[in-house]
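Structure record follows, encoded as structure tokens.
These numbers come from a predicted model, not from an experiment.
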Amino acid sequence: MSDEDLKAERERLKAENERPKSQRGRSTSLKVSEKGGVSVYGLGRFPVTLYKEQWVRLLAMTDEIRAFIKEHDAELKVKPEA
């Protein structure tokens, strides 16, 4: 392999290696926990797990939560991109 081929291969491998790191905080997924709850992964360091009836109650509050966030927008912080 020539030097140029080696450099191109190294850059390709670097880009491939960086891809999972850049996707880490973006993707979210759902799973059923061992105890039968619904766990959401990808929001923070640990999953958010609630039982079905808790998710139903929380989702019923969607409009209220959005209004609260809008009302308190100036007080709320946004997590900076890593």
Side-chain angles (χ1 to χ4, degrees):
M1 273 188 155
S2 69
D3 275 350
E4 203 162 300
D5 290 339
L6 287 173
K7 286 180 184 177
E9 180 66 7
R10 188 177 96 203
E11 290 303 314
R12 184 189 70 78
L13 291 171
K14 274 173 80 174
E16 188 178 307
N17 192 31
E18 288 297 319
R19 217 173 292 132
K21 291 179 189 172
S22 65
Q23 294 173 348
R24 204 175 285 157
R26 294 183 204 172
S27 74
T28 54
S29 64
L30 299 170
K31 293 184 182 177
V32 177
S33 73
E34 289 181 21
K35 295 183 178 182
V38 177
S39 297
V40 179
Y41 289 80
L43 296 176
R45 186 173 178 172
F46 299 104
V48 175
T49 304
L50 299 174
Y51 289 105
K52 180 174 71 173
E53 65 275 6
Q54 293 172 310
W55 281 113
V56 170
R57 282 189 3 231
L58 186 62
L59 291 170
M61 293 178 64
T62 302
D63 292 337
E64 186 179 340
I65 293 169
R66 288 182 193 276
F68 182 88
I69 290 172
K70 188 174 181 179
E71 183 180 329
H72 295 277
D73 187 59
E75 303 164 61
L76 299 171
K77 295 183 180 182
V78 176
K79 184 177 177 182
E81 293 281 330

Could you check whether any side-chain N or O of E64 sits under 3.5 Å from a backbone N or O of M61, counting only pairs where one atom can act as donor and the other as acceptor?
no
Nearest-0.5 Å distance, OG of residue S33 to OH of residue Y51:
6.0 Å
Identify whether the distance between the nearest side-chain nitrogen and carboxylate oxygen of K7 and E4 falls below 4.0 Å.
no
Would you indicate whether D3, at its atom CG, is surrounded by more than 12 heavy atoms from other residues, nucleotides or ligands within a distance under 6.0 Å?
no
Got a sec: does the CD of E53 have more than 12 other heavy atoms crowding it under 6.0 Å?
yes
Which atoms form the tightest heavy-atom contact between W55 and V38, and what is the distance?
NE1-O, 3.0 Å
Starting from the C-alpha separation in whole Å, work towards a yes-or-no answer on side chain to side chain contact (heavy atoms under 4.5 Å, CB included) for L13 and E9.
CA-CA 6 Å; L13 291 171; E9 180 66 7; 3.9 Å; yes
Hphob cluster co-occupancy, L43 + L50, side-chain heavy atoms under 4.5 angstrom:
yes
Separation between NZ of K70 and CG of L76, rounded to the nearest 0.5 Å
14.0 Å
Within one Ile-Leu-Val-Met-Phe-Trp-Tyr cluster: I69 and L58, side-chain cutoff 4.5 Å:
yes
At their closest point, which heavy atom of T49 faces which heavy atom of S39, and how far apart are they?
OG1-OG, 2.6 Å
